[in-house]
Amino acid sequence: MNSPAADYYTAERYRALVEKTKNRMLRRYMRAEARFLAKAGGKGKVFIDLGAGYGRLEKLLSRNAKQVIAIDINEDELSELRNRAARLGNVLVIKGDVTKLSAALKEIPDDAIFLIAQNTLGTIKGGHMKVLRELKKVSKGQHGIILSLFRQPALEEQGIGMYTSLKTMVGKPDFSKTDFKKGVFVTKNGYKSKWWTDKEIKQIKAYFGGCVVSEVIDPAFWIVYLLPEN
Ligand SMILES: C[S@@+](CC[C@H](N)C(=O)[O-])C[C@H]1O[C@@H](n2cnc3c(N)ncnc32)[C@H](O)[C@@H]1O
């Protein structure tokens with residue numbers, strides 16, 4: 001799905017509205033994601049964070065990893081990401097388009113774990129299929145993939161409340177274009193976000209094959225660590 005969502009985010013807005021949110025579902029999601037990532041990381045691993053934003057997760061990731069490679073396309077967010085990386089020491093920032101991942105990354109360490117956090121896959125500029133194809137192309141050997149996504153069944157009950165709390169960033173919901181059955185959320189400003197059906201989640205798992213290292217299935221979100229087939 002093509003989405004201009006990247007243009008709605010600024011480091012300041014994202015920090016104020018998402019990281020410091022009072023929305024209960026979003027807080028539960030961020031806590032679960034942080035716990036999941038803390039367990040997944042290990043000394044000596046390299047995280048490659050696709051669509052890293054302003055670096056919300058980089059401190060946590062860098063604590064457990066040998067290195068973090070953080071990629072984003074949005075200049076406003078990159079500027080704060082670079083500030084944070086400078087303080088952390090083991091975070092390399094790349095300005096790049098993750099739909100062209102193989103071009104953005106010169107070398108991929110053998111033990112890298114690719115990460116797509118906080119439903120970034122649902123708002124990728126350029127379309128999520130391109131990112132999944134690139135990931136399949138570049139992930140070899142021991143590479144892991146961590147995907148963290150919102151689930152379609154929760155869009156109507158919990159998603160609308162969450163997006164209402166984010167309306168100064170993304171705009172007000174457009175119910176004439178939002179499709180709860182398909183898990184497509186659209187605002188009057190044209191922001192789009194995909195929430196994933198159970199069928200789509202199964203298809204993503206099947207697309208990579210291999211095995212599931214760990215998984216969290218909440219009514220509102222799904223976080224999985226995959227070791228894809230070679
Ligand atoms: C929902 S935000 C999440 C940010 C971060 N992953 C987090 O968990 O806080 C999505 C991010 O993906 C970035 N993004 C969207 N499309 C991209 C693309 N094609 N290439 C690189 N970054 C992209 C946006 O700029 C934005 O920072």
Side-chain angles (χ1 to χ4, degrees), residues 1 3 5 18 25-42 44-53 56-58 60-61 63-65 68-72 98-99 101 105 108-124 127-155 158-159 162 182-185 193-230:
M1 182 175 86
S3 165
V18 178
M25 187 274 278
L26 194 49
R27 285 166 66 132
R28 187 173 82 245
Y29 180 33
M30 287 192 286
R31 277 197 305 270
E33 222 181 31
R35 271 197 306 270
F36 192 91
L37 293 172
K39 275 193 203 152
K45 292 273 182 198
V46 174
F47 277 109
I48 305 182
D49 188 5
L50 310 185
R56 184 180 65 86
L57 290 170
E58 297 349 271
L60 169 82
L61 295 173
R63 214 180 283 148
N64 292 315
V68 179
I69 301 174
I71 310 175
D72 208 282
V98 296
T99 66
L101 192 59
L105 290 171
I108 304 174
D110 290 344
D111 54 358
I113 302 175
F114 295 94
L115 166 66
I116 310 188
Q118 206 165 68
N119 203 42
T120 292
L121 193 67
T123 63
I124 281 289
H128 67 265
M129 259 331 288
K130 284 192 188 161
V131 184
L132 295 179
R133 264 187 235 120
E134 283 287 286
L135 263 181
K136 192 157 172 149
K137 191 158 110 188
V138 300
S139 60
K140 301 256 154 36
Q142 291 304 302
H143 292 155
I145 298 177
I146 296 179
L147 297 173
S148 170
L149 303 174
F150 284 135
R151 294 183 58 209
Q152 168 269 338
L155 175 58
Q158 301 190 54
M162 181 195 80
K182 289 190 177 154
V184 177
F185 173 75
S193 179
K194 169 87 186 113
W195 289 47
W196 307 82
T197 63
D198 289 346
K199 189 174 167 197
E200 286 164 334
I201 286 172
K202 271 193 198 137
Q203 285 168 343
I204 293 175
K205 277 186 181 172
Y207 182 68
F208 288 108
C211 66
V212 170
V213 180
S214 51
E215 187 171 36
V216 169
I217 307 168
D218 177 275
F221 52 83
W222 175 72
I223 311 172
V224 68
Y225 180 176
L226 298 168
L227 273 186
E229 233 161 42
N230 285 314

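Just so you know, these numbers come straight off a predicted model, no measurement behind them.
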Exercise for review: State whether the side chain of Lys140 and the backbone N or O of Lys137 hold a donor-acceptor pair below 3.5 Å, judged by distance alone.
Suggested key: yes

Point to revise | Whether Lys194 side chain and Lys182 backbone form a donor-acceptor pair below 3.5 Å | key: yes

Contact summary for [X] and [Y], nearest pair of heavy atoms:
X      : Y      : result
Thr99  : Glu134 : O-CG, 3.3 Å
Trp195 : Ala220 : CZ3-O, 4.3 Å
Asn119 : Ser193 : ND2-OG, 3.3 Å
Ile145 : Pro228 : CD1-CG, 3.8 Å
Gly144 : Tyr225 : CA-CE2, 3.9 Å

**Study point:** Mutual orientation of the aromatic rings belonging to Tyr29 and Phe150 [parallel < 30°, tilted 30-60°, perpendicular > 60°]
**Key:** tilted

Determine whether [X] and [Y] make a side-chain contact, defined as any pair of heavy atoms from C-beta on separated by less than 4.5 Å.
X      : Y      : answer
Ile204 : Leu132 : yes
Lys205 : Val212 : yes
His128 : Trp196 : yes
Phe221 : Gln118 : no
Asp49  : Glu58  : yes
Val98  : Phe114 : no
Leu135 : Ile116 : yes

Can you tell me how far [atom2] of [Y] sits from [atom1] of [X], rounded to the nearest 0.5 angstrom?
X      : Y      : atom1 : atom2 : value
Leu155 : Thr197 : CG    : OG1   : 12.0 Å
Leu115 : Ile113 : CG    : CD1   : 9.0 Å
Glu229 : Lys136 : CD    : NZ    : 7.5 Å
Leu121 : Met129 : CG    : CE    : 9.5 Å
Thr120 : Leu50  : OG1   : CG    : 8.5 Å
Ile223 : Glu33  : CD1   : CD    : 5.5 Å

Review point. Can you check side-chain contact (heavy atoms from CB on, under 4.5 Å) on Phe47 and Leu57, steps first, answer last?
Key: CA-CA 11 Å; Phe47 277 109; Leu57 290 170; over 6 Å; no

Check your understanding: What's the verdict on side-chain contact (heavy atoms from CB on, under 4.5 Å) for Met30 and Val18, showing C-alpha distance, side-chain angles and the deciding distance?
Key -> CA-CA 9 Å; Met30 287 192 286; Val18 178; 4.2 Å; yes

Review point. Can Asp198 and Trp222 be said to form a side-chain contact (heavy atoms from CB on, under 4.5 Å), step by step?
Key: CA-CA 10 Å; Asp198 289 346; Trp222 175 72; over 6 Å; no

Exercise for review: State whether Asp218 and Arg151 are salt-bridged, where the test is any N-O pair (Lys NZ or Arg NE/NH1/NH2 against Asp/Glu carboxylate O) under 4.0 Å.
Suggested key: no

Practice item. Would you please name every residue forming a side-chain contact (heavy atoms from CB on, under 4.5 Å) with Leu227, sequence neighbours left out? Key: Cys211, Val213

Point to revise | Verdict with reasoning, Leu101 to Ile71, per side-chain contact (heavy atoms from CB on, under 4.5 Å) | key: CA-CA 9 Å; Leu101 192 59; Ile71 310 175; 3.8 Å; yes

